[in-house]
Amino acid sequence: MAQEHRKLLIIGSGPAGYTAAVYAARAMVEPLLIQGMQPGGQLTITTEVENWPGLVEVQGPDLMVKMEEHARAMGADIKFDTVSKLDLSVRPFRAECDSGDVVTADAVVLATGAQAKWLGLPSEEKFQGFGVSACATCDGFFYRGKEVVVIGGGNTAVEEALFLTNFASKVTLIHRRDELRAEKILQRRLLKNPKIEPLWDHEVVEVLGEQDPLGVTGVKIRNVKTGAESTLDTSGVFVAIGHSPASELVNDQLELLEGGYVKVEPGTTRTSIPGVFAAGDLTDHVYRQAVTSAGMGCMAALDAERFLAEHDEAGEPAPDAAQIEEVPA
Ligand code: NAP
């Protein structure tokens, strides 16, 4: 077990974390970034990204490899480990990692992102990994020539449905309303794809399947307007109903907003504990884009840098300029 101290610890390796690392490294803060279980975050399980400025199209995983390289090239230390416990009650803050290593830090940038939401059905849990998935790019390949359903009406659901047409013979998009939340350009692509059939005003109430071997055979669906229930045959169920913030490390230590998002002072990344900053999907319940996360990562590094400049390493604020006795010339 190793123990080290840093001025700045960044937790998370999505666009927010890596951007914070680039800025903090360039400010000579010598940050340590701990990547977490999924280095690169959510963009590593997508395909084409068409809204990263400057690149008409880039693969999500490639973009994240480039961000990591960029942060390293600027001098950030990046470690593949997961913070399992974070103590924000005293400064220096203390992070314990899965490896057993301990890092203390004068300031922390939280950029742990968000994780996929599930419907919460017992049958959904039972078939997870056996026909139920929240990642088309990871599991789509297994559904070559088969019929699948995607649940949701946002960008993720539409992108997953479009991606699955590369493998599946038919994709049914089950949405609880009759209007999609996804961007118009994605809606247009979805509606003109002959392999995709939207099923409006329906929700999935149960995943149906076989025990031996464990596998999905269909879904029980309900029309939300009439209440009528019916069954739809399918081999795969892709749940794409949004994400919730990964705030488990701090949910009993920081002020949170409804839904578990970390609360920050408007216009800043400052959380309810001085020296702790939050950026990206962990705190943003409005925009939730790669580019806005990167912007918040930049803000967090600048806020942390200012905080570090104003506080000494023992955790006491640096003496105010007005309090410093003038030495007679
Ligand atoms: P989202 O925009 O929050 O959409 C979630 C969808 O799931 C909504 O259509 C919602 O229905 C539905 N839903 C939620 N809970 C449900 C439940 N219990 N049962 C059935 N349906 C349920 O989530 P997202 O699509 O994952 O996107 C998250 C954020 O990432 C968004 O800001 C999005 O713009 C961004 N994103 C961007 C891109 C891109 O720019 N290329 C790609 C992916 C994601 P209602 O519509 O009825 O609420």
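Positions are given from 1 along the sequence. Counting starts at 1 for both ligands and their atoms, in listed order.
- The CZ atom of Arg288 lies 8.5 Å from the OG1 atom of Thr156; values are rounded to the nearest 0.5 Å.
- With respect to atom 17 (C) of ligand 1, the closest heavy atom belonging to the protein is Arg176 NH1, 3.5 Å.
- Closest protein heavy atom to atom 9 (O) of ligand 1: Gly153 N, 3.0 Å.
- In this structure a side-chain-to-backbone donor-acceptor pair under 3.5 Å is missing from Thr283 to Gly280.
- Considering only non-hydrogen protein atoms, atom 14 (C) of ligand 1 sits nearest to Ile241 O, 3.3 Å.
- Protein heavy atom at the shortest distance from atom 30 (O) of ligand 1 is Arg288 O, 3.4 Å.
- Remark: ligand 1 atoms within the under-4.0 Å shell around heavy atoms of His243 are 26 (O).
- Taking the six-membered ring for Trp and the full ring otherwise, Phe238 and Tyr143 have centroids separated by under 6.0 Å.
- Those atoms of ligand 1 with a heavy atom of Glu183 less than 4.0 angstrom away are 40 (O).
- Linking ILVMFWY residues whenever their side-chain heavy atoms come closer than 4.5 Å, directly or via other members, places Trp52 and Met64 in the same cluster.
- The atoms of ligand 1 that sit less than 4.0 Å from any heavy atom of Tyr287 are 32 (O).
- In this structure, the protein non-hydrogen atom closest to atom 2 (O) of ligand 1 is Arg181 CD, 3.5 Å.
- Ligand-side atoms of ligand 1 in range of Thr156: 24 (P), 25 (O), 26 (O), 27 (O), 43 (C), 44 (C), range being under 4.0 angstrom from any heavy atom.
- With respect to atom 37 (C) of ligand 1, the closest heavy atom belonging to the protein is Asn155 ND2, 3.3 Å.
- The side chain to side chain contact (heavy atoms under 4.5 Å, CB included) with Arg6 is formed by just one residue from the set Asp77, Val108, Asp106, Val29; it is Asp77.
- Set against the non-hydrogen atoms of Asn51, the atoms of ligand 1 under 4.0 Å away are 39 (C), 40 (O), 41 (N).
- Within ligand 1, counting atoms from 1 as listed, the ones closer than 4.0 Å to a heavy atom of Arg177 are 45 (P), 46 (O), 47 (O).
- Proximity to Glu159 (heavy-atom distance under 4.0 Å) selects the following atoms of ligand 1: 39 (C), 41 (N), 42 (C), 43 (C).
- Atom 23 (O) of ligand 1 has Gly242 CA, 3.3 Å as its closest protein atom, hydrogens excluded (heavy atom only).
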Going through the checks in order, is the side chain to side chain donor-acceptor pair (under 3.5 Å) test met by Asp81 and Ser99? CA-CA 7 Å; Asp81 206 343; Ser99 63; 2.4 Å; yes
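- Under 4.0 Å from ligand 1, the heavy atoms of His175 that appear belong solely to its side chain.
- Between the side chains of Gln35 and Glu68, at least one donor-acceptor pair of N or O atoms lies under 3.5 Å.
- Linking ILVMFWY residues whenever their side-chain heavy atoms come closer than 4.5 Å, directly or via other members, leaves Ile11 and Met37 in distinct clusters.
- Checked by atom type and distance alone, the side chain of His5 pairs as donor or acceptor with a backbone atom of Thr104 at under 3.5 Å.
- Asn223 places no side-chain N or O within donor-acceptor distance of the main-chain N or O of Glu229, the cut-off being under 3.5 Å.
- For ligand 1, the atoms lying closer than 4.0 Å to a non-hydrogen atom of Leu119 are 19 (N).
- Here Gln289 has side-chain heavy atoms under 4.0 Å from ligand 1, and that is the only part of it that gets that close.
- Between Tyr261 and His285, the angle of the ring planes lies from 30° to 60°, which puts this pair in the tilted group.
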